[in-house]
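Nothing here was measured: the structure is a model prediction, and the numbers come from that model.
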Protein chains: 2
Amino acid sequence: MEKYLAVLKEHHFKITPRRKAVLELFLREKRYLGPYEIKQMLEKASLEVGLPSIYRILEELEGSGILVKIEHSSRRLYYSLCRNPQVSHHHFICSKCNKVEEVEFCNFSEISSFIEKKLNARVQHHSLHIEGLCSECRVENSS
Amino acid sequence: MEKYLAVLKEHHFKITPRRKAVLELFLREKRYLGPYEIKQMLEKASLEVGLPSIYRILEELEGSGILVKIEHSSRRLYYSLCRNPQVSHHHFICSKCNKVEEVEFCNFSEISSFIEKKLNARVQHHSLHIEGLCSECRVENSS
DNA sequence: GTTATAAATAGAAATCATTTCTATTTATAT
DNA sequence: ATATAAATAGAAATGATTTCTATTTATAAC
Ligand SMILES: [Mn+2]
Ligand SMILES: [Mn+2]
Ligand SMILES: [Zn+2]
Ligand SMILES: [Zn+2]
């Protein structure tokens, strides 16, 4: 937690009860979470937070590298904690339990140089969406 | 064109003037196109098509493998022609002129087996969003 | 060519996630 | 303690996408 609060300070964000509460939620949950779901979870913990505030906080946390945005096929917004923003990596999403796991691997430079050569283009960004069944859900499914 | 109409028939879709008109648009344009933009382009060609019909047609064409859906960072829907749906490949999007180019390359199996080993998970789907400047826009920019 | 049929379409309306706006409150530096 | 900019709530707006239904149309069978 301290680690993340420090990051917020670096980005000149104030440490507020709402920001802390949202952070705590993500530290506890391995699943990706959506704005409304977050609102309800905070309510259960007796903290009323307006939806616009939640949207704003999520954006700020993402901008600071603390959260990753997940573009769900439903086209709704979800977020989950990114535990290692420093190195280039990806995230594996379990389509059954919605768990998000770090994938400390990225071979994008291969595609990137293929494109730069073949298309004579300049590659700027990439994002990889990887979905499947996590170790637990995989077993459950085969029974 | 004939090739794509055949695909539609395989999928038991009727060959209608709207479907043909939408297809023609994509055959001419290298850019990705959005639903409303498509409506306007068809209007200019004197064909009135309702927005719901356009959304439906685009989904059908995507489901048939003729178009690729593009998840823009604005979170709006765009589509472009996929010229080779058979082999596993990706698409390069120019962030300046919106051109979409085929990338006949996919090294996803490396990440996939990394994940399956490291996380003991089952990988099911992946999609890669690659953005940058195409050969033309790259030059313009450096001037 | 007719006809029967399911599929396709238009247009109005609804949906609903997300964003905007503004008055009020709060964290924090001094 | 105080000043200040930042954060927040809540109401309202937005706007892309979807739903619904009556009407039209492509197509296959005759
Ligand atoms: Mn991460
Ligand atoms: Mn393609
Ligand atoms: Zn799982
Ligand atoms: Zn370009």
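With sequence neighbours excluded, the residues that form a side chain to side chain donor-acceptor pair (under 3.5 Å) with B:Ser74 are B:His72. A:His125 meets the ring-ring contact (aromatic ring centres under 6.0 Å, His included) test with no other residue; sequence neighbours excluded. In terms of the ring-ring contact (aromatic ring centres under 6.0 Å, His included) criterion, A:His11 has no residue partners (sequence neighbours excluded).
As a member of the Ile/Leu/Val/Met/Phe/Trp/Tyr network built from side-chain separations under 4.5 Å, B:Val87 groups with nothing else and remains a singleton. The other residues sharing a hydrophobic cluster with B:Phe108 are A:Phe92, A:Val103, A:Phe105, A:Phe108, A:Ile111, A:Phe114, A:Ile115, A:Leu119, A:Val123, A:Leu128, A:Ile130, B:Phe92, B:Val103, B:Phe105, B:Ile111, B:Phe114, B:Ile115, B:Leu119, B:Val123, B:Leu128, B:Ile130, where clustering joins ILVMFWY side chains under 4.5 Å apart.
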Could I get a table of every N or O pair under 3.5 Å where one atom is in the protein and the other is in nucleotides 11-14 of chain C?
none

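Listed by residue number, the members of residues 10-22 of chain B with any heavy atom below 4.0 angstrom from DNA chain C are B:Phe13, B:Lys14, B:Thr16, B:Arg18, B:Arg19. Within residues 64-77 of chain B, the residues that have a heavy atom under 4.0 Å from DNA chain D are, in order of number, B:Arg76, B:Leu77.
Screening residues 85-101 of chain A for salt bridge (charged side-chain N to carboxylate O under 4.0 Å, His left out), with sequence neighbours left out, gives A:Lys96-A:Glu140, A:Lys99-A:Glu136. Applying the salt bridge (charged side-chain N to carboxylate O under 4.0 Å, His left out) test to residues at least two apart or on different chains, the pairs with a partner in residues 49-74 of chain B are A:Arg75-B:Glu71, B:Arg19-B:Glu60, B:Arg56-B:Glu60, B:Glu62-B:Lys69. Screening residues 36-49 of chain A for salt bridge (charged side-chain N to carboxylate O under 4.0 Å, His left out), with sequence neighbours left out, gives A:Arg31-A:Glu37, A:Lys39-A:Glu43, A:Lys39-A:Glu48.
From one end of the helix from C:dG1-D:dC30 to C:dT30-D:dA1 to the other, with five pairs defining each end axis, the axis direction shifts by 40° (rounded to 10°).
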